[in-house]
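Below: one structure, written as structure tokens.
We number each residue from 1, following the sequence as shown.
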Amino acid sequence: MKEWNGKRYHSIDYFLKEKFNEKIFKIPLDAGFTCPNRDGTVAFGGCIFCSKKGSGDFTVDSKKSIHDQFTDMKKVMEKKWKCKKYIAYFQAFTNTYGPIERLKEVYFEALKEDGTIGIAIATRPDCLNEEVLDLLSIINEKTYLWVELGLQTANEDVAAYINRGYKLNIFDEAMKNLKKRCIDVVVHIIFGLPGETKESMMDSVKYVSLKNIDGIKFHLLHLVKDSPLYEMSCKDGIKFLSKEEYIDLICKSISILNENIVIHRLTGDGPRDTLVGPLWSLKKWEILNEIDNELKIRNIYQGIYS
């Protein structure tokens with residue numbers, strides 16, 4: 001049976017330790033960008049599940065410089081762990097959506113920080129024009145880089161309902177352009193979106209597994225108070241996945257993913273102060289342990305059915 005340092009899946013922790021010979025920590029950053037799905041370029045309001053902080057709920061004050069954010073987060077981390085090397089993670093909103101000079105400024109400011117050995121950039125597939133792609137190529141030559149694309153679902157009807165703002169062919173084009181430049185791509189998938197069936201959720205995993213992706217992040221749908229979905233749920237209600245259903249979907253997903261795909265996340269973090277549900281998701285380590293146990297019970301490991 002294939003194992004990755006005792007795990008039955010190819011974890012990001014394992015991957016980075018193999019690549020850099022020590023544990024690597026991510027520093028979440030908010031560079032003050034917005035999103036074309038919020039400012040009217042594509043739509044208003046953003047994806048319906050997204051909080052007002054644009055998935056940057058665990059970043060520090062966006063009004064601070066990249067240097068100050070980096071320094072603040074390092075101090076927090078160093079209280080818990082012996083941290084030496086970091087990946088600067090541009091997490092909040094769409095981090096290739098802005099003037100090219102501003103993109104250069106924040107990326108290279110992060111690269112200057114002591115201990116930075118890589119950059120991760122979260123963005124949308126429709127915000128990767130030639131100028132941006134050329135800049136990413138330069139970054140990729142200077143340091144380790146991965147770009148994160150928020151696909152969420154391969155179901156076009158569900159994508160329209162959640163106000164994703166782009167079609168699958170846009171994602172496919174972005175994948176082609178990034179891989180042509182030898183840039184690693186990490187794709188986000190959300191389980192439990194309104195209108196999804198368990199079969200369609202698995203179809204999304206099968207879809208991305210055939211797209212030459214380098215990594216994947218699995219998320220559980222979180223309902224937070226400051227999202228459009230919260231307002232919709234107050235009127236129409238919302239049915240959450242149970243913990244058992246979510247773990248089942250994760251185990252099945254792991255089994256069909258190629259073993260070379262790095263799993264960056266198996267469940268997401270919901271902000272405690274605004275999370276409405278599912279509340280069981282707050283016990284992150286308990287969920288991760290149960291996933292490990294279930295993989296053993298089922299004798300499943302990554303790629304067994306790929």
Looking at side-chain heavy atoms only, is the closest gap between [X] and [Y] below 4.5 Å?
X: Thr96; Y: Leu133; result: no
X: Val42; Y: Arg124; result: yes
X: Leu249; Y: Met202; result: yes

(Q) Between Phe33 and Phe90, is the ring centroid distance below 6.0 Å? (A)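 No, too far apart.
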**Q.** Ring-ring centroid check Tyr301 Tyr9, cutoff 6.0 Å
**A.**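 Centroid distance Tyr301-Tyr9: not below 6.0 Å, so no.
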Could you tell me whether [X] atom [atom1] has more than 12 heavy atoms of other residues or ligands within 6.0 Å of it?
X: Lys252; atom1: NZ; result: no
X: Lys142; atom1: NZ; result: no
X: Asp114; atom1: CG; result: no

Q: Might you work through the side-chain contact (heavy atoms from CB on, under 4.5 Å) test for Gln302 and Arg8, ending with a clear yes or no?
A: CA-CA 6 Å; Gln302 186 171 333; Arg8 288 173 174 250; over 6 Å; no
Do NZ/NE/NH1/NH2 and the carboxylate oxygens of [X] and [Y] come within less than 4.0 Å?
X: Arg298; Y: Asp248; value: yes
X: Arg102; Y: Glu105; value: yes
X: Arg164; Y: Glu156; value: yes
X: Glu109; Y: Lys112; value: no

Donor-acceptor pairs are to be reported for all side-chain atoms of residues 20-28 against protein atoms at under 3.5 Å, with residues two or more places apart or in another chain.
unit_1, atom_1, unit_2, atom_2, d
Glu22, OE2, Lys85, NZ, 3.2
Lys23, NZ, Asp13, OD1, 2.8

In Å and rounded to the nearest 0.5 Å, what is the [atom1] to [atom2] distance from [X] to [Y]?
X: Asn129; Y: Leu135; atom1: CG; atom2: CG; result: 10.0 Å
X: Ile287; Y: Glu290; atom1: CD1; atom2: CD; result: 7.5 Å
X: Lys225; Y: Ser233; atom1: NZ; atom2: OG; result: 11.5 Å
X: Leu111; Y: Leu145; atom1: CG; atom2: CG; result: 9.5 Å
X: Glu131; Y: Ile100; atom1: CD; atom2: CD1; result: 4.5 Å

Scan side-chain atoms only and decide if [X] and [Y] contain a donor-acceptor pair under the 3.5 Å cut-off.
X: Asp39; Y: Tyr97; answer: yes
X: Tyr89; Y: Asn95; answer: no
X: Ser281; Y: His222; answer: yes
X: Asp184; Y: Tyr144; answer: yes
X: His188; Y: Gln152; answer: no
X: Thr153; Y: Glu196; answer: yes

Q. What do the steps show when you test Leu220 against Ile190 for side-chain contact (heavy atoms from CB on, under 4.5 Å), and what is the final call?
A. CA-CA 6 Å; Leu220 168 69; Ile190 296 179; over 6 Å; no
(Q) Strictly distance-based, threshold 3.5 Å: is any side-chain N or O of Ser255 a donor or acceptor partner for the main-chain N or O of Tyr305? (A)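 No, Ser255 side chain to Tyr305 backbone: no donor-acceptor pair under 3.5 Å.
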(Q) Strictly distance-based, threshold 3.5 Å: is any side-chain N or O of Asn163 a donor or acceptor partner for the main-chain N or O of Gly46? (A)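 Checking the backbone N and O of Gly46 against the side chain of Asn163, a donor-acceptor pair under 3.5 Å is found.
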Among [options], the one residue meeting side-chain contact (heavy atoms from CB on, under 4.5 Å) with [X]:
X: Ile183; options: Leu128, Ile139, Val147; value: Val147
X: Val276; options: Val224, Leu229, Ile238, Leu223; value: Leu223
X: Val187; options: Ile213, Asp214, Val205, Ile261; value: Ile213

**Q.** Results of ring-ring contact (aromatic ring centres under 6.0 Å, His included) for His10 - residues two or more places apart only
**A.**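 Residues passing ring-ring contact (aromatic ring centres under 6.0 Å, His included) with His10: Trp4, Tyr14.
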Q. In terms of the angle between their ring planes, are Trp280 and Tyr246 parallel, tilted or perpendicular, with boundaries placed at 30° and 60°?
A.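 Taking Tyr246 first and then Trp280, their aromatic rings sit tilted (interplane angle of 30° to 60°).
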Q.
Pair Arg181, Leu136 - check side-chain contact (heavy atoms from CB on, under 4.5 Å), show working.
A. CA-CA 9 Å; Arg181 291 165 171 81; Leu136 294 177; over 6 Å; no
Q: Take Glu286 and Lys243 through the test side-chain contact (heavy atoms from CB on, under 4.5 Å) and record every step on the way to the result.
A: CA-CA 11 Å; Glu286 181 179 301; Lys243 181 171 68 172; 3.1 Å; yes
